[in-house]
Amino acid sequence: MKVVLVFQPKNTLHLETMSIEKKVRKICCIGAGYVGGPTCSIIAYKCPEIQVMVTDVSQERINQWNSDKLPIYEPDLDDIVKECRGRNLFFSIDVEQAIKEANLILISVNTPTKTYGMGKGRAADLKYIELAARTIARVSDQSKIVVEKSTVPVKAAESIINILKANVKPGIRHQVLSNPEFLSEGTAIRDLLNPDRVLIGGEQSPDGQEAIAALSDVYGHWVKKEKIITMNTWSSELSKLSANAFLAQRISSINAISAICEATGADVTEVAHAVGTDTRIGSKFLQAGIGFGGSCFVKDVLNLTYLCESLNLPEVAAYWQQIIDMNEYQKRRFADQIVKCMFNTVSNKKIAILGFSFKKNTGDTRESPAIYVCKYLLEEGAKLQIYDPKVNHDQIMWELMKPEISENPERVKELVEICDSPYHAIEGTHALAVCTEWDEFKELDYKTIYNKMLKPPFIFDGRLILDHKMLQEIGFHVETIGKRLSRPPVCRPYANSVQ
Ligand SMILES: NC(=O)c1ccc[n+]([C@@H]2O[C@H](COP(=O)([O-])OP(=O)(O)OC[C@H]3O[C@@H](n4cnc5c(N)ncnc54)[C@H](O)[C@@H]3O)[C@@H](O)[C@H]2O)c1
Ligand SMILES: O=c1ccn([C@@H]2O[C@H](COP(=O)(O)OP(=O)(O)O[C@H]3O[C@H](CO)[C@@H](O)[C@H](O)[C@H]3O)[C@@H](O)[C@H]2O)c(=O)[nH]1
């Protein structure tokens, strides 16, 4: 461990270490979002001797974390926050003070797709990461372990290192680690408590290894040693993007197969089962549907394609881009199927949209496929009655009134009604479309629903969760993804279907 001589205010000569502390005692997390909040709650829960301060620039978000109604919905999160908050888990907007006091800092800020300038619509916008790094450099009086938890393009840690090096106070040497997060929304607590693996990438130097060991110790409180994988920084950053690209690729692959099923009479559920029982392939992430959404897959695959282009690898970029293209096709296909089945027009027809979040057990709507299904139906003049158990009304309207979704927000207000229950949503509708796989949609009283709908009543199951046989017996016209159910002559969605 290196030492440096520094003069303290009282002119006494004092020895101070330049290196990072080996033991983590205080953590500051920058960014109190879907990752920062749950991750730090679990750290605080499992490491009672570590003080964890979660910070954010948003006063509203911090107030919510300090209240009984947390800003995000995650099963089991409330109980863990209640147990740790005020003990060794705190939420604050004083980012600078928290950085000063901590010896390990998690950067967990958003890295959205750029909406302007170079790389618009593809590259990750790293402005929040950069700002966090500059703040750390400016306010730190001691060397810290700086952990990149946000998902970033490969070599982002190099930019953080450069910013820190160029701005730190004399005698200070921070260590930057990559520790990408793999939690899924809706199962965040389960994933954090029992991760498949924890990745830590760092510098291959003695200081880098010390920092890796310190972070490994934190996870070691509850994660088995063999699940903590250490590697070089760039491998760690690329592993995160690759994992998401592989997962998204499986969904686009099964969705591509679903189109073939509809055209041939094969059944995508049977095909997915047959394919997934091959142990080399595995059964997870083969659920066909209306396409993937969420804040990560679209953003991270686009980020990967942009990275490939920047590295002058156009063929590789085109390969990954195809995953996004297939996803767009799938969302569009579902909306087209609704229009075509309903006698080629949905103008002024009421359609119930059940589910608006991007998947069940979350209130998150970022990149939700439901948004695009609604967008296409609104463009056709449909009146939508939308219900979601966890997404609040304003959030739904905000998503649908974004300029990239609707050119005419007033028209959206006229055509959309947000409902408090599924039964309210289906009142007087011609059709019902399931856009999120919430369990409660399986349990609805479909006989009552049948009576409340106009005839013939259509059900479009975009998530393959309903009992189609039972619905047909009640009298519904049922359509789904990747298999043919009822086929009256009015409903032949795909002109080139093999009969
Ligand atoms: N959401 C997920 O399930 C998930 C899973 C794994 C990884 N990730 C990645 O983790 C990162 C964070 O994702 P998220 O979903 O938690 O985002 P989020 O938008 O929910 O939260 C980010 C928070 O950071 C805050 N912030 C931004 N700049 C700040 C600054 N300078 N100082 C203090 N606070 C600041 C924002 O106000 C926001 O509250 C992203 O890179 C994402 O790709 C997300
Ligand atoms: O077989 C499947 C599985 C998922 N989906 C859809 O894919 C999207 C993403 O689902 P999921 O991966 O479960 O949720 P996320 O919270 O987005 O989690 C992903 O993105 C996170 C952010 O990077 C990663 O940490 C996780 O490991 C990764 O699974 C959702 O719209 C799902 O409905 C399908 O259509 N079919």
Side-chain angles (χ1 to χ4, degrees), residues 28-40 54-62 64-65 71-72 74 92-96 98-99 105-113 124-136 148-153 156 179-188 191-192 195-197 240-241 243-248 250-255 258 272 276 283-301 303 327 330-331 355 357-362 364-370 435-437 462-465 481:
C28 160
C29 176
I30 308 180
Y34 285 87
V35 169
T39 306
C40 286
V54 190
T55 66
D56 205 289
V57 284
S58 161
Q59 177 78 63
E60 192 192 347
R61 238 184 187 181
I62 291 300
Q64 287 172 319
W65 279 111
I72 61 174
E74 271 300 334
S92 162
I93 58 154
D94 197 345
V95 184
E96 297 191 1
I99 292 173
I105 298 159
L106 297 174
I107 303 182
S108 190
V109 299
N110 36 331
T111 49
T113 306
D125 192 341
L126 298 182
K127 67 180 175 203
Y128 304 108
I129 295 268
E130 179 172 342
L131 187 64
R134 288 187 185 280
T135 313
I136 295 169
E148 179 188 75
K149 198 127 202 56
S150 301
T151 305
V152 289
N179 171 223
E181 182 48 61
F182 293 98
L183 68 81
S184 295
E185 286 178 33
T187 53
D191 297 342
L192 286 163
D196 285 346
R197 77 304 209 184
K240 172 64 193 175
L241 288 185
N244 272 0
F246 274 53
L247 290 169
R250 284 174 75 93
I251 303 170
S252 276
S253 296
I254 198 66
N255 284 341
S258 77
S283 60
K284 292 182 181 163
F285 268 70
L286 287 179
Q287 174 70 44
I290 56 174
F292 56 75
S295 64
C296 296
F297 282 174
V298 176
K299 162 176 86 75
D300 294 347
V301 178
N303 186 346
N327 200 46
Q330 192 73 353
K331 292 183 278 192
S357 58
F358 80 95
K359 63 188 274 197
K360 74 173 179 179
N361 293 337
T362 176
D364 195 349
T365 57
R366 291 179 288 182
E367 284 298 326
S368 176
C435 288
T436 311
E437 71 280 22
R463 296 293 195 158
L464 289 104
I465 56 165
I481 304 257

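In each ligand, atom 1 is the first atom listed, and ligand 1 is the first ligand listed.
- For the 3.5 Å distance criterion, the side chains of S108 and E181 fail to qualify, holding no donor opposite an acceptor.
- I481 has its side chain within reach of Q330: a pair of non-hydrogen atoms, C-beta onward, lies under 4.5 Å apart.
- What sits closest to atom 1 (O) of ligand 2 on the protein, heavy atoms only, is Q287 N, 2.9 Å.
- Scanning all protein heavy atoms for the shortest distance to atom 33 (O) of ligand 2 gives R463 NH1, 2.7 Å.
- The distance from the CG atom of N361 to the OG1 atom of T187 is 8.5 Å, given to the nearest 0.5 Å.
- Regarding atom 17 (O) of ligand 2, its nearest protein heavy-atom neighbour is F358 CE1, 3.5 Å.
- Residue L286 touches ligand 2 through its backbone alone, judged by heavy-atom distances below 4.0 Å.
- Under a 4.0 Å criterion applied to the non-hydrogen atoms of E181, ligand 2 contributes the atoms 25 (O).
- Residue D56 touches ligand 1 through backbone and side chain together, judged by heavy-atom distances below 4.0 Å.
- The shortest separation from a heavy atom of E367 to ligand 2 is not under 4.0 Å, leaving the residue out of contact.
- Close contacts between ligand 1 and C296 involve ligand atoms 2 (C), 4 (C), 44 (C) [criterion: under 4.0 Å to a heavy atom].
- Note: an N/O pair closer than 3.5 Å links G293 and ligand 2 by distance alone.
- A side-chain donor-acceptor contact under 3.5 Å links E74 to the backbone of G186.
- Below 3.5 Å of separation, one finds an N or O of E185 facing an N or O of ligand 2.
- Considering F182, F292, F297 only, the shortest heavy-atom separation from atom 28 (C) of ligand 2 involves F297.
- Of all atoms in ligand 1, listed by their number and element, those nearer than 4.0 Å to a heavy atom of V57 are 30 (C), 32 (N), 33 (C), 34 (N), 35 (C), 37 (O).
- In terms of N/O distances under 3.5 Å, ligand 1 is not approached by S108.
- Contact detail for N327 and G291: the closest heavy-atom pair is OD1-CA, 3.0 Å.
- For the pair N255 (side chain) and I290 (backbone), a donor-acceptor distance under 3.5 Å is absent.
- Proximity to S184 (heavy-atom distance under 4.0 Å) selects the following atoms of ligand 2: 16 (O), 18 (O), 26 (C), 27 (O), 28 (C), 29 (O).
- Residue-to-ligand polar distances keep D300 apart from ligand 1: every N/O pair is separated by 3.5 Å or more.
- Counting only heavy atoms from C-beta outward, the side chains of L192 and P38 approach each other to under 4.5 Å.
- Of the protein's non-hydrogen atoms, K359 NZ, 3.6 Å is the one closest to atom 11 (P) of ligand 2.
- Residue L183 has at least one N or O atom closer than 3.5 Å to an N or O atom of ligand 2.
- Put simply, the side chain of S58 does not reach to within 4.5 Å of the side chain of Q64, judged on heavy atoms.
- I251 CD1, 3.4 Å is the protein heavy atom nearest to atom 5 (N) of ligand 2.
- In this structure the side chain of Q287 never reaches within 4.5 angstrom of the side chain of I254, judged on heavy atoms.
- Near K240, meaning under 4.0 Å from any of its heavy atoms, are these atoms of ligand 2: 22 (C), 23 (O), 24 (C), 25 (O).
- Here is the list of ligand 2 atoms found below 4.0 Å of a heavy atom in C296: 20 (O), 21 (C), 22 (C), 23 (O).
- No salt bridge links E148 with K240; every basic N to acidic carboxylate O contact stays at or beyond 4.0 Å.
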